[in-house]
Visitor: 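Here it is, the structure in full.
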There are 2 protein chains.
Amino acid sequence: MAHFNEEVACPMTATLEYIGGRWKCIILYYLTGTTRRFGEIAARIPVVSRKVLTQQLKEMERDGLIQRTEYKEVPPRVEYTLTELGKSLSPVLKAMSNWGREHVLK
Amino acid sequence: MAHFNEEVACPMTATLEYIGGRWKCIILYYLTGTTRRFGEIAARIPVVSRKVLTQQLKEMERDGLIQRTEYKEVPPRVEYTLTELGKSLSPVLKAMSNWGREHVLK
DNA sequence: AAAAGTGGTAACTAAAAAGTAACTAATGGC
DNA sequence: GCCATTAGTTACTTTTTAGTTACCACTTTT
């Protein structure tokens, strides 16, 4: 996903620059209220490869939506949490999951 | 975008099956409260080719989010409107645009 | 008489995204 | 001594997505 490559005046486009990635909303939704390890997130979305998952996580970390904490252990342990900016997306994520529950899943 | 190819229990995934496409939210947002011609939509999102725009519109029509009305004139005229299901997405679209306005655009 | 205007579609090419397999480091358990 | 464990990374291949160009129909305008 191209990113910030041109100034946007459209608030919808602006939001999509952050959460438009294929798996980002699912990851953010899964992180809501908790800290998760990389392996937990990967297990939650088995359909996506670890390479792509890593990419999406990196982009969201770069964008300030999530925080990555690496513990210097072996085997490695890495935890992901929402930042304040990430938490501020909760109305969006809630509206999305509500809509799916009410209009798709019966 | 693969579609309905497996049952989803996750409401977020369910929603993304409908609006996860690259331009769908922008199109739906642009259709909110009005009817638009194909050319208007294309002019609004000049960065996307007409081929891709047509694809996204077709998918959303198939999914029942928008309605396509073709007038038998020459030159052709085609209008797009939100269906009831499409209108029901307004809390999602509003939450998204609000977030962009408040957290990205200053 | 020719050109413009609209909403596409089809065929082909280019670019972007994603998948896959192999590899790493240090510790604990067998 | 050897294997499993975790969170990746790298290089390479395949798949998916998107762009490009040409074309159509019929009426109105130039």
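Scope of the values below: all heavy atoms of this structure, side chains included, with no hydrogens, waters or symmetry mates.
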Visitor: How long is the line joining CZ of A:Arg22 and P of D:dA18, in whole Å?
Guide: 12 Å
Visitor: Once you round it to whole Å, what is the distance between C1' of C:dG28 and CD of A:Glu73?
Guide: 13 Å
Visitor: What is the distance, rounded to the nearest whole Å, between atom CG of A:Leu53 and atom P of C:dG19?
Guide: 11 Å
Visitor: Rounded to whole Å, please give me the gap between CH2 in B:Trp23 and P in D:dT17.
Guide: 15 Å
Visitor: Mind checking if A:Lys58 touches a base, just sugar-phosphate, or nothing, with heavy atoms under 4.0 Å?
Guide: sugar-phosphate
Visitor: Mind running side chain to side chain contact (heavy atoms under 4.5 Å, CB included) on B:Ile27 and B:Tyr80 for me, showing each step along the way?
Guide: CA-CA 10 Å; B:Ile27 297 168; B:Tyr80 291 91; over 6 Å; no
Visitor: Is B:Arg68 salt-bridged to B:Glu79, going by a charged N under 4.0 Å from an acidic O?
Guide: no
Visitor: Which comes earlier along DNA chain D counting from the 5' end, the contact point of B:Val74 or that of A:Gly39, where each point is its nearest nucleotide?
Guide: A:Gly39
Visitor: Within this structure, what is the CZ-to-P distance between B:Arg77 and D:dT28, rounded to whole angstrom?
Guide: 14 Å
Visitor: Between D:dT5, D:dA18, C:dA18, which nucleotide has the shortest distance from any of its atoms to the side chain of A:Gln55?
Guide: C:dA18
Visitor: Please state how far atom CZ in B:Arg50 lies from atom C1' in C:dG5, giving the value in whole angstrom units.
Guide: 11 Å
Visitor: Rounded to whole angstrom units, what separation is found between the CG atom of A:Leu57 and the P atom of D:dT9?
Guide: 10 Å
Visitor: Would you tell me if any nitrogen or oxygen in the side chain of B:Arg37 comes within less than 4.0 Å of OP1 or OP2 on C:dT6?
Guide: no
Visitor: Can you check the B:Tyr71 OH to C:dG7 P distance for me, whole Å?
Guide: 12 Å
Visitor: Which one, C:dG5, D:dT6, D:dA18, comes nearest to the side chain of B:Lys51?
Guide: D:dA18
Visitor: Before giving the answer on side chain to side chain contact (heavy atoms under 4.5 Å, CB included), spell out for B:Arg44 and A:Cys10 the whole-Å C-alpha distance, their side-chain angles and the decisive distance to 0.1 Å.
Guide: CA-CA 11 Å; B:Arg44 176 65 208 277; A:Cys10 170; 3.6 Å; yes
Visitor: Check the angle between the aromatic planes of A:Tyr18 and B:Trp99 and answer parallel, tilted or perpendicular using the 30° and 60° thresholds.
Guide: perpendicular
Visitor: Answer with base, sugar-phosphate or nothing: what part of the nucleic acid does A:Tyr80 contact at a heavy-atom distance below 4.0 Å?
Guide: sugar-phosphate
Visitor: Side chain of A:Thr54, heavy atoms from C-beta onward: which of D:dA18, D:dG8, C:dA18 has the nearest atom to it?
Guide: D:dG8
Visitor: Salt-bridged, B:Lys87 to B:Glu84, with N to O below 4.0 Å?
Guide: yes
Visitor: Side-chain N or O of A:Arg68 less than 4.0 angstrom from OP1 or OP2 on D:dG8?
Guide: yes
Visitor: Nearest to the A:Val78 side chain among D:dG19, D:dG8, D:dC26, which nucleotide is it?
Guide: D:dG8
